[in-house]
Visitor: 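Handing you this structure, nothing more for now.
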Amino acid sequence: MEAIRHRMVEVNGINIHIAEKGKGPVILFLHGFPELWYSWRHQILALSNMGYRTVAPDLRGYGYSDIPESVDSYTCFHIVGDLVELIDVLDPHERKVFVVGHDWGAILAWFLCLFRPDKVKALVNLSVPFLRFDRNIKPVELWRAYYGSNHYISRFQEYGEIEGEFAWVDRVEKEFLTDFPVLLPKGKLFKRPLDEPITLPSWLSEEEANYYVTQFQKTGFTGPLNFYRNLDRNWELLKPWVGCKIETPAKFMMGDKDLVYHMPGMKDYIHNGGFQEDVPGLKEVVVLEGVDHFISMEKPSEVNQYIFDFFSQYH
């Protein structure tokens, strides 16, 4: 890990922290919630040894990157704007890179390909497929209708309230990384009592978990939660792109135990033509058995090899 270089880059009016290693074509890694550049540590080390320059930012609102105060500063346009300028900085000649996204990072990678396909050579997305826009139903209403008001996306909307409940950062971060809670009832956020120890999964050491905890103790969760607080605003902003297709060469991977895979209608969309219709550039879907949501950390060797094999076709 000592070989990974860290630096700040000014893009789109804010400072973004990036971790990078290696030489060669750039792979830009985009993390999800509640994560950091650190979620890509296995990919940074492995793929930099396979001939790539691996770069993983802390997205705005996370880690060492700036945390704008206004909720309105976290729309898809703001964040993709960060990425577009970052790509220009990382590769000033070609201004085009390979991209790998997970969770919110995958959503943003789909948007990047939608808005600026000229910036992406090829894409590998993990855990969250492209999600078709519905002209009529706001996303937060949709989640609330399916799962009720205790659903985490509903709970994340109220500015300040959930931050207060997330004050015990150590517990919150480990709960999300260990067993992503879909429902967060007020007063009883998690299945286990707060004084009951958490057994971390085999792929996450105490030292690794504590890296996340230390960072979120410094920053809090408001920046990351603001991504969710813009779901309805993004829905309004994305109206001009309703029906647009993603032509970028893409590969998609997820675990068969992932909570996203088991959302209503998701398996049908992924496997029975809808996903391919929306993403004509989709070359392959891989579902790994026995794997949950944090696929890049759970199965790093397999994920690294899939990324390498896919991007090797597009040099």
Visitor: With a 4.0 Å cut-off, would you call Arg233 and Asp72 a salt bridge?
Guide: yes
Visitor: Set out, in order, the CA-CA distance, both residues' side-chain angles and the distance that settles side chain to side chain donor-acceptor pair (under 3.5 Å) for Tyr261 and Ser127, then state yes or no.
Guide: CA-CA 8 Å; Tyr261 194 50; Ser127 299; over 6 Å; no
Visitor: Is it true that Asp232 and Lys138 make a salt bridge, defined as a side-chain N closer than 4.0 Å to a carboxylate O?
Guide: no
Visitor: Over 60° means perpendicular and under 30° means parallel, so tell me whether Phe77 and Phe115 are parallel, tilted or perpendicular.
Guide: perpendicular
Visitor: Should the pair Tyr52 and Phe98 be assigned to parallel (<30°), tilted (30 to 60°) or perpendicular (>60°) ring geometry?
Guide: perpendicular
Visitor: Do the charged groups of Arg7 and Glu20 touch, with an N to O distance under 4.0 Å?
Guide: yes
Visitor: Would you call the rings of Trp143 and His151 parallel, tilted or perpendicular, taking 30° and 60° as the class edges?
Guide: parallel
Visitor: Same cluster or not: Tyr147 versus Trp235, using hydrophobic residues (I, L, V, M, F, W, Y) connected whenever any side-chain heavy atoms lie under 4.5 Å apart?
Guide: no
Visitor: Apply ring pair (Phe, Tyr, Trp, His ring centres under 6.0 Å) to residues Tyr62 and Phe227 and explain how you reach the verdict.
Guide: CA-CA 11 Å; Tyr62 281 87; Phe227 284 58; 5.6 Å; yes
Visitor: Which pairs, with at least one residue in residues 178-200 and sequence neighbours excluded, count as a ring-ring contact (aromatic ring centres under 6.0 Å, His included)?
Guide: Tyr152-Phe180, Phe176-Phe180, Phe180-His293
Visitor: Considering only heavy atoms from C-beta outward, does the side chain of Asp278 approach that of Tyr269 to under 4.5 Å?
Guide: yes
Visitor: Side chain of Thr178, backbone of Lys174: donor and acceptor closer than 3.5 Å?
Guide: yes
Visitor: Could you check Trp37 against His6 for ring pair (Phe, Tyr, Trp, His ring centres under 6.0 Å), going step by step and ending with a plain yes or no?
Guide: CA-CA 10 Å; Trp37 74 269; His6 296 266; 4.9 Å; yes
Visitor: Between Leu189 and Arg171, is there a side-chain heavy-atom distance shorter than 4.5 Å?
Guide: no
Visitor: Using 4.0 Å as the upper bound for N to carboxylate O, is an ion pair formed by Lys186 and Glu161?
Guide: yes
Visitor: Taking side chain to side chain donor-acceptor pair (under 3.5 Å) as the cut-off, I'd like each qualifying pair that reaches into residues 114-125, sequence neighbours left out, listed once.
Guide: Asp88-Lys119, Glu94-Lys121, Arg116-Asp118
